[in-house]
Amino acid sequence: MIKNPNDIDDMSIGEMGALIKKFDWSHTPLGDPDTWPKSLQTMASVMLDNPFGMYIAWGPEYIQLYNDAYRPIIGDTMHPAALGLGAREAFPEVWHLTSPLFERVMKGEVVEYFDFMLPIIRNGIVDDCYFDISYSPIRTEDGEVGGILSTAIETTTKKKAEEEFKKKRSRRQFAGDSEGEKNGNHQITSAEHAFQIHNAETQKLQRLYEAVTGNTPDLIYILDLNYRFTYANRALLTMWGKTWEEAIGNNLLENGYEPWHAALHEGEIDEIVLTKKPIRGTVSLAYKNLGKRVYDYIFTPVINNEGNVEAVAGTTRDITDFRNTEEELLRSEQQMRTMVETAPLPIGVYIGEEMRIQFANQSIIDIWGKGNDVIGKYYRQVLPELENQEIFNQLDSVYKTGVPFHAMNQRVDLVNGEETKIFYFNYSFTPLVNKDGKIYGVMNTAADVTDLNLAKLALQKSEEHLRRTILKAPVAMCIFKGKDFIVDLANDKMFELWGKTEREVMYKPIFEGLPEAKDQGFEAILQEVYSSGKTFSADGIPITLPRLEGLEVVYLNFVFEPYREVDGIISGILAVAIDVTAQLTARKKIEEREQKFRALSETIPHMIWTASPDMMKNYFNQTFLDYTGLTFDELKGDGWKQIIFPDDLNKELPLWNQSIITREDWTIEKRIRRFDGTYQWYLCHTIAQKDDDGTIIGWIGTNTIIQEHKMKEQQMDEFISIASHEMKTPLTTAKGYMELLLLSLDDNNQNTLYANKALHSVERLHDLVAELLDASKIKNGQLNYNISTFDFNTMLDETLENIQLTAKNHTLQKVGNSSCQITADKERLQQVLINLLSNAIKYSPNADKVITTIQESEGEIQVSVQDFGVGISRQHLDKVFDRYYRVQEHAIHFQGLGIGLFISSNIIQRHKGRMWVESEVGKGSTFYFNLPI
Ligand code: ADP
């Protein structure tokens with residue numbers, strides 16, 4: 001046995017033997033052949049010795065050796081350069097195919113290819129040649145795979161024959177002759193012959209086959225044309241559990257094939273004899289202990305020199321696992337595809353520098369929102385809105401550099417129809433590399449984290465919002481963090497409340513920054529809120545805090561609310577506090593005052609009550625209850641109305657309503673029913689209680705009895721009424737006689753002068769009595785009116801003229817005119833004018849004029865009488881229209897009864913007009929009235 005290439009005998013080894021011997025191996029990773037591992041040395045010598053094409057690729061570099069018969073597979077271009085060269089270096093163009101194959105073999109697998117076609121130049125002609133090529137591991141002494149042995153058996157002739165047969169058969173079928181049958185007979189004869197040759201050569205062949213097939217897990221066998229095994233490799237014998245002797249020479253049935261199985265193969269052998277064509281098939285067999293196994297088998301004819309089939313070589317491979325794996329693979333690939341296509345994760349594949357969309361799953365299509373028709377279009381064309389969003393650059397860079405790009409929480413604005421939608425993605429651009437290591441595209445995977453991001457942003461915003469709110473809050477607010485309640489945030493109001501500066505408390509545990517608050521029970525409350533998560537609130541709680549003047553008790557309304565993080569975990573406490581010390585003190589004061597008021601009101605003999613702003617009475621003192629004989633419940637609210645004399649109540653309610661608007665106090669005289677059912681006169685004074693803003697917060701009323709006074713007044717009225725009535729007739733008679741007397745007297749007589757003076761006095765007395773009578777008629781509602789239509793302006797002119805006659809020192813001026821007719825009591829209106837003009841003259845003794853103005857507007861006439869006299873001070877202004885009211889200061893200098901204005905204003909009121917006065921002391925007064933026309 002040749003040990004190594006150095007010992008090769010030139011003659012016996014052919015061209016390759018010589019080349020290998022000559023080759024300077026020391027420059028290769030294999031080094032000098034003497035140093036080669038034993039298995040390599042042996043395999044190299046077997047190779048050179050072998051008529052089959054054999055090839056060795058050794059070591060991690062796959063350094064190549066091959067024999068003459070393998071040369072066609074190496075090809076002319078690389079021969080002999082391929083010798084001693086690594087497989088990758090020698091054949092880089094097919095390395096992507098070779099490398100995974102070699103790797104499998106290096107892991108111990110045997111890989112075979114049948115009828116592998118290689119175009120080979122022979123005699124200057126390119127020919128399609130076929131080879132059965134197998135790759136099997138060569139193990140070193142320590143059992144590791146050191147290299148690869150490839151064997152190649154040329155099957156070109158067989159393949160060509162097959163082709164030929166195919167052609168013939170189609171011709172035969174076309175001609176319909178029986179050549180096949182004749183051929184078959186001939187074949188059987190040839191097969192017998194072949195069998196003999198085989199027998200003779202069995203030993204030699206067995207060795208040879210063993211060398212080739214001994215290491216493979218495939219079942220390799222040869223059957224003669226009588227279906228007897230002439231060869232079975234180790235794997236097959238092992239499977240049968242038979243020795244060579246026990247198996248060889250037996251037919252299929254004898255070697256344990258089931259009858260259907262034996263019949264199948266026998267038929268196939270017969271067919272091969274006829275066709276000289278290999279048959280490939282699959283059988284599945286059920287074993288007791290192995291279960292169902294699937295076998296792939298190839299029967300190949302062994303053709304003798306005469307061109308006849310002399311035997312059938314069979315190879316069977318257990319493809320159960322492969323099948324399963326293949327099916328599994330197919331299934332998983334399909335699953336994978338469906339998964340990718342329907343995945344909720346957006347996935348896209350873009351090819352070439354121009355980024356043509358080759359694949360886009362529904363998810364990415366939906367996000368793009370450009371419709372389903374995107375495949376084949378350019379990425380940039382589909383998503384032009386990404387132009388300024390860096391994405392194109394990222395894609396370009398991945399395509400050019402091959403460095404994947406990953407982005408987290410990246411905002412991407414996509415245009416969907418009219419609207420631009422904001423998304424946030426975690427996305428990746430991964431380069432796609434082909435077998436040559438060239439980048440041909442980019443795969444885009446993404447996760448839509450928009451919702452997450454928006455939620456996060458919203459949370460951030462709300463957190464910011466909360467912080468801003470706290471800082472700007474009109475009440476004291478702060479956040480304590482952690483179980484030590486560190487002051488994390490507090491607004492100025494809170495610092496103020498604590499009586500501390502920001503520096504003293506910020507970022508410190510609160511009871512460290514504000515030791516004064518310690519041991520007042522707040523530690524436990526905070527702890528409880530922090531651990532239980534339950535809000536705590538309390539009102540008006542006293543706490544001692546530092547103030548400028550030292551420690552002071554302040555009263556707080558406060559809320560401690562657990563402060564939670566995004567995950568809901570409590571990380572602190574939000575505190576809100578309102579200093580209610582001032583309110584509490586104020587409330588206490590009010591309460592005290594109220595108590596005092598009640599104590600007082602219970603002791604005084606007046607009737608006292610209070611009411612809410614809406615006029616609902618809510619308090620009556622004991623005097624009140626005693627007088628009415630009713631209970632509080634009967635009187636409260638508007639229950640009091642039942643005890644007011646109905647006419648008086650009708651006058652009172654409008655007054656009260658009016659004062660709700662004017663917010664002024666008011667007074668009324670009214671009759672209130674006593675417990676015995678009789679009504680007594682009371683002077684009721686109602687005071688509006690107002691807060692600092694002037695808003696009414698309630699009413700307090702006092703009722704003072706005026707029954708006696710009222711009775712006297714009534715008696716007086718009655719007396720005046722009777723007296724004036726009684727006086728009127730004698731006065732009228734006296735006046736008549738005085739006039740008659742004057743007529744009988746000489747004009748220049750002294751008596752005439754006396755009579756005139758007497759008449760003047762009687763007239764004045766007559767007027768006074770008439771006035772008194774009018775007043776009492778008014779009081780009793782008995783003043784009668786004679787209504788007619790007349791020209792007001794003319795009446796005014798006449799009146800002015802008449803008064804002017806007696807007014808010695810004043811000029812009566814008139815301003816304005818009116819042309820309207822008025823329907824009214826002419827005499828009574830004249831009485832009003834006379835009264836105003838007389839007053840104007842009377843109360844302006846030092847003035848020389850009185851101006852009467854008349855004007856007509858919007859359905860009314862307005863008349864004013866202005867004098868430049870003594871005037872009326874403010875506090876008397878609204879009282880001068882009351883009966884018998886006279887301004888005190890005037891009473892000394894001017895005569896009068898104080899009823900003229902009372903009568904005048906009543907007459908105007910009866911004509912649905914209004915009378916009022918404006919005046920300034922020392923400057924004069926202007927009396928106005930208006931009348932509807
Ligand atoms: P009298 O008879 O007292 O004038 P009136 O009813 O006419 O009664 O007037 C009431 C009071 O109003 C008068 O007493 C007087 O004090 C005041 N008064 C009326 N007119 C004038 C005026 N023109 N100027 C100043 N005071 C006036």
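Bear in mind the structure is a predicted one, so any value in this text is a computation, not a measurement. Both counts, for ligands and for their atoms, begin at 1 and track the order of listing. Just so you know, residue 1 is the first one in the sequence shown, and it goes up from there. The figures that follow rest on heavy atoms only: side chains count, while hydrogens, waters and symmetry mates do not.
- Here the shortest heavy-atom distance to atom 1 (P) of ligand 1, taken over F894, Y843, Y885, belongs to Y843.
- In this model, no donor atom of one side chain and acceptor atom of the other lie less than 3.5 Å apart for D633 and T631.
- Less than 4.0 angstrom separates some heavy atom of V880 from each of these atoms of ligand 1: 10 (C), 12 (O).
- A donor and an acceptor atom, one from each side chain of H685 and T667, are located under 3.5 Å apart.
- Of the protein's non-hydrogen atoms, G898 CA, 3.2 Å is the one closest to atom 8 (O) of ligand 1.
- For atom 5 (P) of ligand 1, the closest non-hydrogen atom of the protein is L901 N, 3.7 Å.
- Taking the ring centroids of Y928 and W916, they lie under the 6.0 Å cut-off.
- By the 4.0 Å N-to-carboxylate-O rule, K710 lies close enough to E713 to be salt-bridged with it.
- H876 and Y885 have tilted rings, their planes meeting at an angle from 30° to 60° on a 0 to 90° scale.
- Here the protein heavy atom with the shortest distance to atom 7 (O) of ligand 1 is N839 ND2, 2.8 Å.
- Set against the non-hydrogen atoms of G900, the atoms of ligand 1 under 4.0 Å away are 5 (P), 6 (O), 7 (O).
- Using a 4.0 Å cut-off between charged nitrogen and carboxylate oxygen, R883 and D717 count as a salt-bridge pair.
- Applying the 4.0 Å criterion to heavy atoms of I899 picks out, from ligand 1, the atoms 6 (O), 8 (O).
- The shell of residues lying under 4.0 angstrom from ligand 1, judged by heavy atoms, includes S925.
- Residues R886 and F894 approach most closely at NH2-O, 3.0 Å, considering heavy atoms.
- In this structure, a donor-acceptor pair under 3.5 Å is absent between the side chains of E718 and S721.
- The contact set between ligand 1 and I872, taken as ligand atoms under 4.0 Å from a residue heavy atom, comprises 25 (C), 26 (N), 27 (C).
- When non-hydrogen atoms are compared, ligand 1 lies under 4.0 Å from the side chain of K842 (C-beta onward) but not from its backbone.
- Contacts between H890 and ligand 1 below 4.0 angstrom, taking non-hydrogen atoms only, involve the side chain exclusively.
- Here the heavy atom of the protein found nearest to atom 3 (O) of ligand 1 is R886 NE, 2.4 Å.
- Of the protein's non-hydrogen atoms, D867 OD2, 2.9 Å is the one closest to atom 23 (N) of ligand 1.
- For the 3.5 Å distance criterion, the side chains of N817 and N793 qualify, holding a donor opposite an acceptor.
- With a 4.0 Å cut-off on non-hydrogen atoms, V887 touches ligand 1 through its backbone as well as its side chain.
- Checking T686 against W699 by side-chain atom types alone, no donor-acceptor pair falls below 3.5 Å.
- Listed by number with element, the atoms of ligand 1 under 4.0 Å from a non-hydrogen atom of L897 are 2 (O).
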